[in-house]
Student: 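Quick one: structure below, then a few questions.
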Amino acid sequence: MNVRKKIEEPITEELQRFKDEFADSLKSSTNRLQQAVDQIIASSGKHIRPLLVLLTAKALGEVNNGTINSAVMIELLHTSSLIHDDVIDSTKQRRGQPSLNAIFDNRVSVLVGDYILASALIRSTMTNNIDIIRVVSKIGRELAEGEIKQMEIADESILDENCYMEVIRKKTAVLLSGCTEVGAISVNSSAEMAATARQFGEYIGLCFQIRDDIFDYFHESEIGKPTGNDIREGKITLPLLYALKEEQKEGGNCYFDIVCRKDFTQENVETLISFAKEKGGIEYAESIMKIYRDKAVELIQKLPASSPKDSLLLLADYTITRKK
């Protein structure tokens with residue numbers, strides 16, 4: 001049994017119900033919209049977010065209708081944000097497949113993203129829980145803030161690790177922390193336990209994004225995005241941030257100049273990638289990722305023994321060892 005199957009084992013039935021409800025929530029009588037929806041469902045990714053909702057809920061109680069609706073709602077919100085991100089970044093590929101805006105166009109993609117966001121709002125009301133709606137509403141706002149913050153950092157060539165961490169908290173960690181918090185709330189956990197679950201999800205989210213950023217420094221067709229894509233877009237992530245800081249300590253500035261001039265030719269992108277590796281940027285990013293994994297594991301150890309708890313621990317390891 002592979003790791004993913006083992007992680008999913010305690011919630012096999014619940015995960016299938018989620019998938020059925022997710023597909024059902026997107027049905028449309030409009031042909032072009034349904035074609036886009038079919039494409040989205042066919043290219044769905046790892047479903048890390050619903051996994052976190054369902055596993056957290058089952059580790060703390062029994063999965064119920066509110067839990068399922070919460071998982072669907074968050075995955076809809078996430079899907080909508082990805083579609084809009086691809087339009088903003090002019091991305092033509094996601095998870096190794098053509099993005100929606102590559103298949104259709106920006107007009108259709110934006111409207112499909114809006115349709116899915118509206119579907120998420122409908123699902124939020126089906127939870128019948130104002131606390132869950134509050135959490136998810138905050139997520140939507142922070143996702144937008146994170147994207148704008150990332151643009152500001154890229155435009156102004158701000159090379160600061162604290163700013164980077166702030167961006168990935170808002171872009172990725174806030175969504176995963178929302179998953180675990182909502183999972184806990186859906187089974188009527190205490191406020192203290194919901195807060196613990198939220199923190200666990202945040203640590204997992206930070207690990208997840210750092211791992212994604214590391215992928216950008218390696219040639220790997222299965223990852224689903226071109227190597228160096230982040231750098232080309234002016235997104236200077238943790239491995240290169242560390243390398244630049246170390247280089248400045250030694251008095252060097254040629255690599256810093258490339259970044260500040262935004263001279264991201266293919267040759268310069270490859271130069272920056274090699275430089276980040278030579279300076280130990282990958283190892284540094286991996287060490288930070290492992291620190292957050294260890295913090296996540298420490299939190300989840302507080303839960304009573306159960307197969308869902310074991311799966312959450314496996315998921316923490318999977319987040320930092322996954323290959324795509």
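Keep in mind the model is a prediction, meaning the values are calculated, not measured.
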Student: Of all the heavy-atom pairs spanning Pro239 and Ala285, show the shortest one and how long it is.
Tutor: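 Minimum heavy-atom contact is CG-CB, 3.9 Å.
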Student: Under the side chain to side chain donor-acceptor pair (under 3.5 Å) test, which residues partner Arg211, sequence neighbours left out?
Tutor: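 Testing Arg211 for side chain to side chain donor-acceptor pair (under 3.5 Å), a comparison that skips the adjacent residues, returns none.
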Student: Could you tell me the separation between the OH atom of Tyr115 and the OG1 atom of Thr30, rounded to the nearest 0.5 Å?
Tutor: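 If I round to the nearest 0.5 Å, the distance is 7.5 Å.
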Student: Between Lys295 and Phe200, is NZ or CZ placed under 6.0 angstrom from the six-membered ring centre and within 45° of the ring axis?
Tutor: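 Not flagged: Lys295 not positioned over aromatic ring of Phe200.
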Student: Does the side chain of Tyr217 pick up a donor-acceptor pair with the side chain of Thr237 at under 3.5 Å?
Tutor: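 Distance-only check passes for Tyr217 and Thr237.
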Student: If you look at every heavy atom in Ser177 and Val174, which pair is closest and at what distance?
Tutor: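 Nearest pair, atom of Ser177 first, then Val174: OG-O, 3.0 Å.
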Student: Could you identify which residues cluster with Val167, counting Ile, Leu, Val, Met, Phe, Trp and Tyr as linked when any side-chain heavy atoms lie under 4.5 Å apart, either directly or through a chain of such contacts?
Tutor: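 Taking Ile, Leu, Val, Met, Phe, Trp and Tyr as members, Val167 shares its hydrophobic cluster with Ile153, Ile158.
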Student: Among all residues two or more places apart in sequence or in another chain, which pass the ring pair (Phe, Tyr, Trp, His ring centres under 6.0 Å) test with Phe104?
Tutor: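 Phe104 satisfies ring pair (Phe, Tyr, Trp, His ring centres under 6.0 Å) with no other residue.
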Student: Go through the side-chain N and O atoms of Gln34 and Lys27 and say whether any donor and acceptor fall under 3.5 Å apart.
Tutor: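 The answer is no; no qualifying pair exists.
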Student: Salt-bridged, Glu21 to Arg123, with N to O below 4.0 Å?
Tutor: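 Result for this pair is yes, salt bridge flagged.
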Student: Can you tell me how far the CD1 atom of Ile132 sits from the OG1 atom of Thr125, to the nearest 0.5 Å?
Tutor: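 The distance works out to 12.0 Å.
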Student: In terms of relative ring orientation, are His47 and Phe18 parallel, tilted or perpendicular, with 30° and 60° separating the classes?
Tutor: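 His47 vs Phe18 ring planes: perpendicular.
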Student: Any carboxylate oxygen within less than 4.0 angstrom of a Lys/Arg side-chain nitrogen, looking at Lys279 and Glu246?
Tutor: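 Salt bridge absent between Lys279 and Glu246.
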Student: Measuring from atom OG of Ser311 to atom NZ of Lys58, what distance do you get when rounded to the nearest 0.5 angstrom?
Tutor: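 Output value for this atom pair is 10.0 Å.
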